[in-house]
Every structure is written in C-alpha cells, then in structure tokens.
Amino acid sequence: MHVQLPDGSSKEVPDNATVADVAASIGKRLAKDAIAGKVNGKIVDVYAPVPAGARIEIVTPKSADGLDTIRHSTAHLMAMAVQELFPGTQVTIGPVIENGFFYDFGTERPFADEDLRRIEEKMQEIVKRDLPIRREEWSRDEAVDLFDKLGEKFKVEIIRDIPGDQVLSIYRQGEWFDLCRGPHVPSTGRLGAFKLLSVAGAYWRGDERNAMLQRIYGTAWADQKELDEHLKRIEEARARDHRKLGKELELIYFSHFAPAMPIFLPKGTVIYNELIDFVRAFYRRDGYSEVVTPLIWDTELFKISGHYDNYRDNMFFSHIDEREYGVKPMNCPGHTQIFAMERRSYRDLPIRIADFARLHRYERSGVTHGLARVRSFAQDDAHLFVTPEQIGPEIDRELRLIKEMYDVFGFTDVRFALSTRPEKRVGTDAMWDEAEAALEKALKKNGIDYTINPGEGAFYGPKLEFQVTDAIGRPWQLATVQLDYALPERFQLSYVGADNSEHRPVMIHRAILGSLERFIGIIIEHFAGAFPLWLAPVQVAVLPVSEKFLDYGDEVGREMQRAGLRVQVDRSNEKLGAKIRTAQLEKIPFMLVVGEKEAQNRTVALRKRSGGDQGSMTIEEVVVEARRLIDSRSLTL
RNA sequence: GCCGUUGUAGCUCAGCUGGUAGAGCAGCUGAUUCGUAAUCAGCAGGUCACCGGUUCGAAUCCGGUCAACGGCUCCA
C-alpha cells in the first residue's frame, strides 16, 4: 500500500505497516528517533498500524508533538516511580503543561522535598530498565473493575464520567499501568532528560471543597542539553525576580505590620512618580481631568454601587461614630459622585475623570505575591462618561493610547481578550448583550485578534484585557477597558441630550498600566533592574578617583543636579574600581569619573552602565546627551 | 482560605544527633590617595520571627500565632 509523507511524496510500505515501519523505510536515523507518529493529523504510538493512503508524519523528540509526548510519558514514569516507592498512593491525572508536566496523587502522607530526589532516582532506574510501553484497549466497565480492585477511587471516578460505550486505553509499562489516551514513547529508555521541580497541594478537580491532592511538578526535554538550558532559564528568571531586585536595589520594602502592602522606598518612589508623570502627559494631551478623592466612603455608597453585595469579601471596613465606612477597592463609585454633582449636558461629554488614588482590596492570605498581587495599590485609573454614540470612538482612542504607551517600554507583543458576563453580576441581560457587542465591535473594527474568556468579566460589565510579553517571554495582564451600563443606572446618572430630555450615560472604566505596583514589578523584571535613563532612580554617579578630587566631584554633582538629573557622588574612601563596581551593581546608567585630568580641564570621563569608558567630555555635553535620552524616553543608553 | 516549605546580625548564609551563636558583605574607626567591576587592619553588631510547652539545659524537640516562599482555589 501507499502512504503519503509530509513533503507530499508517497511511499510504498507493506500492508500491515506501523508508524515505526514507515520511519524505518525512510531512514535508520529516523527509525531511531521516532517516538510517536501522526496519522492523518492524529497523534498515535509508533507501533500503531497505518491505513492505506494515510498522511503519515514521524514525530521526533525535538518537535512540539514530540516534546509533549516525552513530557506525558515522563509524567507516567513519575507516577510509576511514586507508586513503587510509596505503595498505596493513588493516581489521578498527569497532564503536560508548558515546559513540563505534573501529576496529582492521592496520599495520606505529603511528599517532602527529599522525596523528590528519591523519586527522581527511581525514575532513572526505570529508564534503565527500558520497559516497553504498550497500549491496551478496555471496555469502560472492565476498566472500572480493574481500577476499583486496586482501590484507585479517583481513576474510577474519572472513568465513570466517560460515556459508557467508549473504548478506553490503558498504557502498560512493566507491572505498572495507567488509564491514558496516549500516545506514549515506545519504551521508558527513551526518557531521561527530566527534573522534578516542586511539590504542591492541589484540589481534586480544582475545586476547593474537594480533597487536597499532592502535585509534583517536573520538567522534561528531548535531551540533557535542552534540560540544562531550561534550568538555566529558570535561574535567570529567578535572578530577575522583582522581589529580589526590589530589595537589592532598595526600591520596595514590606513590613510585617502591613502584609502585602508594598512600601516604596525613595528609589522606588522615583519610578512610581516618573510613571505617573508619564501617564499625566498623555492625560493633558488627550483631555482627561485628574481628581483627588477620599480613600474611605460611607458604606451606603458601596451598597448603591453593588460592591457591598458583590465585592464585600474583598473590602476593608472601618467603624466610627456609629457609621460604617468602606475603604474603596475601586474608584468608580466615587467618580459617579463627581459626575452627579451637577446637571450635565451632552455637550460636556465625554467626561474623562482620572485618579491615581490608592485602592485597598483584601486578598486572602496565600494569594499575594510581591508587587504583582497586593492589598494596597494605585492604578492609572480613569472613568469615561460617554453617550452611547461615543463608545466606539472612545474605545478606539484607548486602543491607540495603549499601543503608544506600551511601545515606550518595548512591550510590542500585545494580546487581547474579551471577558464576558460572570455569574455574580448586576444589570439586565439586555445591558450585557449591548455592552459585550460594543466591545466586540471595537475589536473587530480595529482588526484586532482576540480570545474570549467566558464569565471572566467584572460584576458591572464586560472587560477587554490586554496582555503583554516581557523581555523573557512571560505574559502579564496589564490594561483593562470595561464597559459599564450598570453603575450609571444604579446611581441614576443622567445628562440632558440635544432633545432636551434626560439620558443615561455609559461609563468606561479603563487603566492602561493597570496597577502601578504590578506594572513596576513587571518592568523591574523586564529590564532586569537596569532601567532606561528616564526611569532610573539614580541617573548619574560621580566617581572621584581619590579624596583629592572630592571637591571637584561635588561640583560636578551640583551641576548635574542643577540640570535636573538625579545624581549621587561617591564620597567613599575606595579605589575607582570599587566605586565602579558599586555603581554597576546599583545599575546606575551614567558614571562620571573625575580625577586629575578632569579637574584641570573641567571635564568628566563618562562610563556607561552598558558599555565601558566613553572618554572625556564636558559637563555640558553629558547633560545634553542625558537630556536627549530622557526626553525621548530612550530604551538604550 | 487550603497543602507543603522556610524564618539565625542591615543583606546573603553556616550552626552535625539539645550543652546559652559564627562567616562574608554592608556599617563604624584608622591607615592608604589610588584611573574603569572588590586596598588593608581593627571595632561594633543577634530577646536565634513571636507566644507557650518538654527538658537540669532549647536556635536546635513539640504545639500555637504571625510573616514570607512554591503551588491550589480565588482574583485587578
């Protein structure tokens, strides 16, 4: 019979040929590399028979399908090792995830980190046994019996949920087997480049009312080299961690007295304020009005807005004078009061109210994370009060603004998602239909590809969410644009239209950097702490070669300061090399070395963080160069 | 909130099976006056997160609380 290969050619093979046979007929090397196959696009084991005329693809370790297969098989390998080492442990599921896999086990005794080492050793031992991995097909009822007898109650539950007539596959390696769709590598000897990374609790079926299982995470690759490279990437990510860098660079601090509420130290505050200035410049240009509003409001406000019913568990409260106040978790309820304070005309719209106020949300302990998930934060928040006709144009403006602002940080790869109505929500279905349609229309109009997150919207309206990818490829959610018909309704907001009658405005909630805290966390990691000049907490370090030149160094420092640069003079009794090292570790962009020559000629020797000695120049020249980089918000030095 | 781990000097960490703490860096003092990633010497610095228990004796063992970390659930 004939089969078709990916290059379009066709190949003659025996009638009962398997994927492995096809691979062998193409070449020895390929036969050795084959770990799975694709028959008419469907991934199968290498010993799966191929039908006549089928399109056949040989899956090798380095392909995406190959890696998935290796990771899946490694998950099985781990499950086998665990059950050999800890009899009585129950198996559940073990899927492939990005860069690796996990497997959830039901066990009385949680795994300790030392157990991981033992499990890894056992896995390597099973690899050496080179057990063939073979598929068997079972009826559903037989499979239930099989696992029931073993006391594998989680597996039984999984199988019971599968439709009755379906044939199930079980993969067997040596004495051990597991229910699995497959495919798998042909034998355990094909595995080996793996490492177990961590153990964690995880709920059965992801529901916190269910039993807590023990999850082991691991990573697996085609070969040792790729594994080593991956482990190195993990190390690099760790070195960039904003919590580590935030501490080392003295940007932020956390006090036990304010858990999950970041304290911005002087250097961190420079970044915080620079970002606000950056955003304000756009606000001035684009017609936003900034306001300053209270942090606590009478609970009545939140009862009207719906936060009391829908968001109370995430709020802080305060009682005084027999009155209950809520610490605001969002600015929107307050902003409705600004809109409502006077009679509004359609001629006033759109009204764009911006606010950098601190917000407080109670986050359950255990969910907070550095600057990324906190209990106290500020957003570059604004609420747009618009007529229905203005929705489209306003969202267009926001989409453009988002791109413009993200470009400055080098976030060019932006992904879009539309989050639709959640179960817990306010407003009528008709409102939700309209709001979701409006956002979708804006995306389509701008030719933007997007995904839909069903049920992920805010309780008052659907959301557009914007995800960027940082310097090392990690995704982060930043901006959000939310359309809201509900709050204007609840607060009975209105404006007088051209027809001289009352109309309900629509609110658009939007933040572009999102939470400033989270954004700062992201850019710390994105830039690995080496900020562009405009954001650098200290922009210039003056380094006198010895004490004799301290006076001239101070003078240079004053000049820089007068030019509006953030400067620090290193007056320590250290040698130049040590001063450079210190400045370099602090990631200060410009170092100005001053010694005999410079003091005489009234110059400085510029050394950049990025590229060593730049030679002598006048103070004025340095200032001009620095200003140029700052004003253009240059990403390079 | 749940599962697991961790908490020793400002920072990074050592402290074996219980016998009342140690290094490097940072800090201070002195010497040195130095040219592109660490000059040398001395000094000082700790209720071993907190509360309670076991013990003749606890940083070490046990329990609780708090916080942080890896996940889960939740979520901006």
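The chains referred to below are lettered A, B, ... by the order of the sequence lines, with proteins before strands, and numbering in each begins at 1. All values below come from the heavy atoms of this structure, side chains included, with hydrogens, waters and symmetry mates left out.
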Nearest to the side chain of [X], heavy atoms from C-beta on, is which of [options]?
X: A:Asn573; options: B:G1, B:G71, B:C34; result: B:C34
X: A:Arg607; options: B:U36, B:C34, B:C69; result: B:U36
X: A:Tyr203; options: B:C34, B:G71, B:G1; result: B:G1
X: A:Arg215; options: B:G71, B:G1, B:G35; result: B:G71
X: A:Ile580; options: B:C34, B:G71, B:U36; result: B:U36
X: A:Asp613; options: B:A37, B:U36, B:U32; result: B:U36
X: A:Lys247; options: B:U39, B:G1, B:C11; result: B:C11

Does any donor-acceptor pair link the side chain of A:Arg373 with the base of B:C75 at a separation under 3.5 Å? yes
Between the base of B:C2 and the side chain of A:Arg209, is there any donor-acceptor pair under 3.5 Å?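 Check fails, no donor-acceptor contact within cut-off.
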Hey, does [X] reach any base, or is it just sugar-phosphate, or nothing, if we go heavy atoms under 4.0 Å?
X: A:Gln477; value: sugar-phosphate
X: A:Glu598; value: base
X: A:Gln214; value: sugar-phosphate
X: A:Ala260; value: sugar-phosphate
X: A:Phe254; value: nothing
X: A:Tyr362; value: sugar-phosphate
X: A:Lys463; value: sugar-phosphate
X: A:Gly514; value: nothing

Please report the distance separating the [atom1] of [N] from the corresponding atom of [M], rounded so that it comes out in whole Å.
N: B:C50; M: B:G10; atom1: P; result: 13 Å
N: B:U60; M: B:A21; atom1: C1'; result: 12 Å
N: B:C56; M: B:G64; atom1: P; result: 24 Å

Canonical and wobble pairing (Watson-Crick, G-U, under 3.5 Å) of RNA chain B, dot-bracket with |: (((((((..((((.....[..)))).(((((.......))))).....(((((..]....))))))))))))....
How many angstroms lie between CG in A:Leu85 and CD in A:Glu121, if you round to the nearest 0.5 Å? 9.0 Å
A:Trp221 vs A:His230 aromatic rings, parallel, tilted or perpendicular, using cut-offs 30° and 60°? tilted
In terms of relative ring orientation, are A:Phe409 and A:Phe411 parallel, tilted or perpendicular, with 30° and 60° separating the classes?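 A:Phe409 vs A:Phe411 ring planes: parallel.
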Whole-Å distance, A:Arg361 CZ to B:G1 P, equals 19 Å
